[in-house]
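Every chain is numbered from 1 and lettered A, B, ... according to where its sequence line falls, protein lines coming before strand lines. None of the values given here were measured: they were computed from a predicted structure.
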Protein chains: 2
Amino acid sequence: MPKRSANGSRAGAIGKPASRRVPMRDFSRSLPMALLRAREAVMRQFRPSLRRHDLTEQQWRILRALAAVDAIEVTELARTAFLLGPSLSRILRDLEARRLIERRSAEGDLRRGVVSISEKGVKLMSAVAPSSEAIYAAISRRYGTRKLAELQDMLGALEASLAGLDLGDEDAKLTSGRKFA
Amino acid sequence: MPKRSANGSRAGAIGKPASRRVPMRDFSRSLPMALLRAREAVMRQFRPSLRRHDLTEQQWRILRALAAVDAIEVTELARTAFLLGPSLSRILRDLEARRLIERRSAEGDLRRGVVSISEKGVKLMSAVAPSSEAIYAAISRRYGTRKLAELQDMLGALEASLAGLDLGDEDAKLTSGRKFA
DNA sequence: GCGAGATGCTTAACATGTTAAATGGTTCGG
DNA sequence: CCGAACCATTTAACATGTTAAGCATCTCGC
């Protein structure tokens, strides 16, 4: 596909680094990037193990959440496994098809779905958990158990400090002012 | 702690919490979850602002990376913006269609693509950067600037400590190389 | 009871993450 | 030169993230 813009000219319009024109924090100091990179470094360790059991990261999160309780409503599960409704809905459909979970509806409220892990799901967890724990132990050893706990605390504190902050409309003040009541 | 045992729970009846049968770290102490939640808490602040400018998080990452340089090869950009090739390929196609970036191919090697931000892209960045910086400042204020720097350091250290570790085959040792059926 | 609104979940639509395969270009041994 | 191996990027296929709609059910005021 020779779709490229065949711009044979000497990069004419391409000027100097825009960083001089658009003042902006150095990319490497972006907190979201740091969190993303750290998480990816961690997940890279787990993914092959999950993959060998045909589990995605999210499916594993759901099974773990289900394994800790007897049964749980879908909305509550979404909160626990930190998944949005639509994602959870799709994943539950697949996990049910694989018979790793069981569903019914809540008594007295047919809107609510109640989910629980199946025996087959428990067996799968038993197969995965040992290696998962081993990997976690290796990470903890490598990074330092104490430091790891400290990191967890700081992450929790960050989350807590931003809870209910909602800065999302900051630039509304900068640009146009309030649009909504 | 009770040991895991397939104690033949009744079929159909939903048994007791599987946590008794599958020993596993408490879900709330999962490092990947903590990182995910923290990152989401941060990104939740930025997303509305980006959305007002019709930018996704990844598109913004790319523009930021491009703004810091004159031009950059696709592979290098993927590393900088921490995106996989296929994702980057799609996003560049869209950004080019919106004329926010410009592409050409490297002299002497037609395989390599070279990307740079366009004037229009720079203008867009100029429109977004102020609110982005304001949000970042608010987060820093709220969490503590010093603490934030410390967190960044610890995240970097975590990433570094896991670099080249690759525990992915840990459970191959545990399961004796059971083949997938 | 009953109809409007609220609630719980699912579906739709589009963008990205992820792995595998394909495409086009380059390099190098013979 | 020639073709095989290699390299950079893209395309393909499937799963999830994200927002908006859609459906069924429930609640409540009248």
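Remark: P of D:dG17 and CD of A:Gln59 are 11 Å apart, rounded to the nearest angstrom. When rounded to the nearest whole Å, the span between CG of B:Leu55 and P of C:dA15 equals 13 Å. Distance, B:Leu50 CG to C:dA15 P: 16 Å, rounded to whole Å. When rounded to the nearest whole Å, the span between CG of B:Leu36 and P of C:dT16 equals 18 Å. Distance CG (A:Leu84) to C1' (C:dA13): 15 Å, rounded to an integer number of Å. If you take CZ of A:Arg93 and P of C:dT11, they are 6 Å apart, rounded to a whole angstrom. In this structure, CG of A:Leu83 is placed 9 Å from P of D:dT16, rounded to the nearest angstrom. Nucleotide D:dG17 holds its P atom 21 Å from the CZ atom of B:Phe46, rounded to whole Å.
Among the heavy atoms of the strands lying under 4.0 Å from B:Arg51 are primed sugar atoms or P, OP1, OP2 only; no base atom is included. Contact annotation for A:Ser87: base contact, defined as any heavy-atom pair under 4.0 Å involving a base atom. Here B:Leu88 lies out of heavy-atom contact (under 4.0 Å) with every strand. Contact annotation for A:Glu40: backbone-only contact, meaning every heavy-atom pair under 4.0 Å involves sugar-phosphate atoms and none involves a base.
Distances shown here put a side-chain N or O of B:Arg103 below 4.0 Å from the OP1 or OP2 atom of D:dT10. The side chain of A:Arg47 places an N or O atom within less than 4.0 Å of a non-bridging phosphate oxygen (OP1 or OP2) of C:dT18. Between B:Thr56 and D:dT18, a side-chain N or O to OP1/OP2 separation shorter than 4.0 Å is absent. At C:dG8, one or more side-chain N or O atoms of A:Arg112 fall inside 4.0 Å of OP1 or OP2 (strictly under the cut-off). OP1 and OP2 of C:dG17 both lie 4.0 Å or more from every side-chain N or O belonging to A:Gln58.
Side-chain atoms of A:Arg111 come within donor-acceptor range of the base of C:dT7, with a qualifying N/O pair under 3.5 Å.
Side-chain contact between B:Glu150 and A:Glu150 is present, with heavy atoms from C-beta onward closer than 4.5 Å.
By the side chain to side chain donor-acceptor pair (under 3.5 Å) test, B:Arg29 pairs with no residue at all, sequence neighbours left out. Considering only residues two or more places apart in sequence or on other chains, B:Ala157 meets the side chain to side chain contact (heavy atoms under 4.5 Å, CB included) condition with A:Tyr143, A:Lys147.
Residue whose closest nucleotide on DNA chain D sits further toward the 5' end, between A:Asp109 and B:Arg90: B:Arg90.
Picking from D:dA12, D:dT19, C:dT10 the nucleotide with the shortest atom distance to the side chain of B:Pro86 gives D:dA12. Listed nucleotides: D:dT25, C:dT10, C:dG17. Nearest to the side chain of A:Ser89: C:dT10.
Ion pairing between A:Glu40 and A:Arg44 holds under the 4.0 Å rule for side-chain N and carboxylate O.
Under the 4.5 Å side-chain heavy-atom criterion for ILVMFWY residues, a single connected hydrophobic cluster contains both A:Leu124 and A:Ile117. The cluster map of Ile, Leu, Val, Met, Phe, Trp and Tyr, joined by side-chain heavy atoms under 4.5 Å apart, puts A:Met43 and A:Ile139 in the same cluster.
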